[in-house]
*Asks:* 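Next up is a structure, given as structure tokens.
Bear in mind that the values here come from a model prediction, so they are computed numbers and not experimental data. Labels below follow one simple rule: chain letters A, B, ... track the order of the sequence lines, proteins then strands, and each chain is numbered from 1.
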Number of protein chains: 2
Amino acid sequence: MGTSTVRSGEQIDRQSRILEAAMDLLSRHGISGVNMRAVAREAGVALGLVNYYYEDKSCLIRAALHRIDEHDLMLVEPDPDSAPDEQLRKSLRRVAGAELLTTRYLSLRLHLWALAQASEDFAQINAEAFERYLAGLATLIGNANPELSRDECRERAADIVVVQNGMWLTALLGVDKASIQRNIAHTEDIAFAPSRKKERGLGESKES
Amino acid sequence: MGTSTVRSGEQIDRQSRILEAAMDLLSRHGISGVNMRAVAREAGVALGLVNYYYEDKSCLIRAALHRIDEHDLMLVEPDPDSAPDEQLRKSLRRVAGAELLTTRYLSLRLHLWALAQASEDFAQINAEAFERYLAGLATLIGNANPELSRDECRERAADIVVVQNGMWLTALLGVDKASIQRNIAHTEDIAFAPSRKKERGLGESKES
DNA sequence: TTTACTCTTGAACGTTTGTTCAAGATGGAC
DNA sequence: GTCCATCTTGAACAAACGTTCAAGAGTAAA
């Protein structure tokens, strides 16, 4: 697999081009726009080659979804070169960064969510990625706030993810950037709040 | 149009059944699952009848999207029977209500967003509905907080919508209900905060 | 050169899709 | 009954789709 016949390096290997083309079509035209012929055309290869590298359409889409998930997880990857609270702050701010807030990426994220609703197969990919993102974020929070319990970290991570998902989604709908910035600030407030374990009652009773 | 041949009332008119079937398929299997034959089967009518009531597939889907948008707008409709701040509070809490947080509705919302990304036509429907929802929410906020300026109301509405969209989306992914409740509380905090127009510097200079 | 293997092509097949349409069914007005 | 407009059916068509496959191109080792 690894030793593909890369002639001179100037031409990326076809398999990557095919996957890239599929993701491009998915972000621009949705799942209806992703058909084998369009993918082949976009990648500049023959129709048969798509089925050569990806057994069927479902495999191709699954590969695309895994790529998006890898992208997501990089956001909460520990960075040994920074202090714990700087790592967390950087991670929280990165979700509104220029490289993340592109229409292409946001659209891909959205279509992945939609596909997860349509097919049990894709739902599992999505659920696993969601869980890993949550766990990664909780770890960053725990590193920056050593006094917090594991449950408190996960609780905060869950609250932050809600706001982040809202930002990603609403950014696509064209909400103003100032609102994004205010919500980023709110995620930081949640992340760095002093540990006040359930001291401020907010209506509902809840288990530990 | 209006006087359809409703035999005895026991049978809903076919046009509604067709639209309902299309929305059901959209929520369960995504846009790929919505084809004219499946819609006809689900609605219990012949294939040709779908094209009789809806000129083409695009019209059918557009009708479905309009239905979802009507549903959304009811959330921020003024209720003359309640006091202004009670109206606002009710509206904010309704987004986590049992009738709203169903998989069917959330899934439909999600697929609408995804379709809006795929087609300019659907994007416009979505953008208009988003704008009307934002305006409706801003009005509720203004009624409950007469001291706020119009811009401040819209600002708060935008911030709340981000969190609400996040809740809707994350509810589909299966985040725990407690997190939803905490985020509902946060939308209320935003809505009812005292007017402190830009007093607290936001953005870069924040450090604690 | 020959051999062997991987990569690449596009025609071809069978299926599914959106749409059209002639034909029939239905119900009220006359 | 006849007439007329509306509603309903399913066969039929053309286009688009996913997939298969025999054939070829390319490269490295013999």
Side-chain angles (χ1 to χ4, degrees), chain A residues 1-26 28-65 111 115 118-119 121-122, chain B residues 1-26 28-65 111 115 118-119 121-122:
Chain A
M1 210 200 286
T3 61
S4 61
T5 345
V6 184
R7 211 185 320 275
S8 64
E10 56 93 35
Q11 174 148 297
I12 325 162
D13 70 307
R14 322 271 245 197
Q15 182 166 12
S16 299
R17 281 235 305 271
I18 289 170
L19 183 57
E20 209 64 37
M23 292 175 54
D24 233 63
L25 288 166
L26 183 59
R28 293 212 313 270
H29 305 121
I31 186 63
S32 309
V34 184
N35 62 73
M36 307 302 259
R37 262 161 264 258
V39 169
R41 197 181 322 121
E42 186 84 3
V45 300
L47 172 61
L49 201 63
V50 183
N51 276 101
Y52 176 79
Y53 283 118
Y54 300 94
E55 198 180 352
D56 53 22
K57 187 181 173 179
S58 156
C59 286
L60 173 60
I61 293 179
R62 219 175 303 134
L65 301 191
H111 285 296
L115 286 172
S119 143
D121 198 14
F122 300 149
Chain B
M1 205 200 290
T3 60
S4 62
T5 346
V6 183
R7 212 187 317 277
S8 63
E10 56 93 34
Q11 175 147 295
I12 325 164
D13 69 308
R14 323 271 246 196
Q15 183 165 11
S16 298
R17 281 235 305 269
I18 290 170
L19 184 56
E20 209 63 37
M23 292 175 54
D24 233 63
L25 288 167
L26 183 60
R28 293 212 312 269
H29 306 120
I31 185 64
S32 308
V34 184
N35 62 73
M36 307 303 259
R37 264 161 261 259
V39 169
R41 197 182 319 122
E42 187 85 2
V45 300
L47 172 61
L49 201 63
V50 183
N51 276 100
Y52 176 78
Y53 283 118
Y54 299 94
E55 199 180 353
D56 55 20
K57 186 182 174 179
S58 156
C59 286
L60 173 60
I61 293 179
R62 219 175 303 132
L65 301 191
H111 285 296
L115 286 172
S119 144
D121 198 14
F122 300 149

*Asks:* Taking the minimum atom-to-atom distance to the side chain of A:Y53, which one of C:dC7, C:dT9, D:dC7 wins?
*Replies:* C:dC7
*Asks:* Suppose the criterion is salt bridge (charged side-chain N to carboxylate O under 4.0 Å, His left out): which pairs have a residue in residues 33-56 of chain B, not counting sequence neighbours?
*Replies:* B:R28-B:E42
*Asks:* Report the C-alpha distance between B:R17 and B:E20 in whole Å, list the side-chain angles of each, state the deciding distance to 0.1 Å, and finish with yes or no for side-chain contact (heavy atoms from CB on, under 4.5 Å).
*Replies:* CA-CA 5 Å; B:R17 281 235 305 269; B:E20 209 63 37; 5.6 Å; no
*Asks:* May I have the distance from A:R17 (atom CZ) to C:dC7 (atom C1'), rounded to whole angstrom?
*Replies:*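 Those two atoms, CZ and C1', are 13 Å apart.
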*Asks:* Closest approach of A:D121 and A:S58, non-hydrogen atoms and distance?
*Replies:* OD2-OG, 4.1 Å
*Asks:* Between A:R14 and C:dT9, does any side-chain N or O lie under 4.0 Å from OP1 or OP2?
*Replies:*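 Checking C:dT9 against A:R14, a side-chain N or O does come within under 4.0 Å of OP1 or OP2.
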*Asks:* Tell me, do B:H111 and B:I31 make a side-chain contact under 4.5 Å, heavy atoms counted?
*Replies:* no
*Asks:* Taking only residues two or more places apart in sequence, or in another chain, which ones meet A:S32 in a side-chain hydrogen bond (donor to acceptor under 3.5 Å, both in side chains)?
*Replies:*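 Partners of A:S32 by the side-chain hydrogen bond (donor to acceptor under 3.5 Å, both in side chains) criterion come out as none, since no residue qualifies.
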*Asks:* What one-letter contact string describes nucleotides 12-24 of chain C from 5' to 3', where B marks a base within less than 4.0 Å of any protein heavy atom, S marks contact via sugar-phosphate atoms alone, and - marks no contact?
*Replies:* B----BBBB----
*Asks:* Considering just the side-chain nitrogens and oxygens of A:Y52, establish if one lies under 4.0 Å of OP1 or OP2 belonging to C:dC7.
*Replies:* yes
*Asks:* What is the distance, rounded to the nearest whole Å, between atom CD1 of B:I18 and atom C1' of D:dC7?
*Replies:*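 About 11 Å, once rounded to whole Å.
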*Asks:* Quick one: side chain to side chain contact (heavy atoms under 4.5 Å, CB included) partners of A:A46, sequence neighbours excluded?
*Replies:* none
*Asks:* Would you mind reading off the distance between B:L49 atom CG and D:dA11 atom C1', rounded to a whole angstrom?
*Replies:* 16 Å
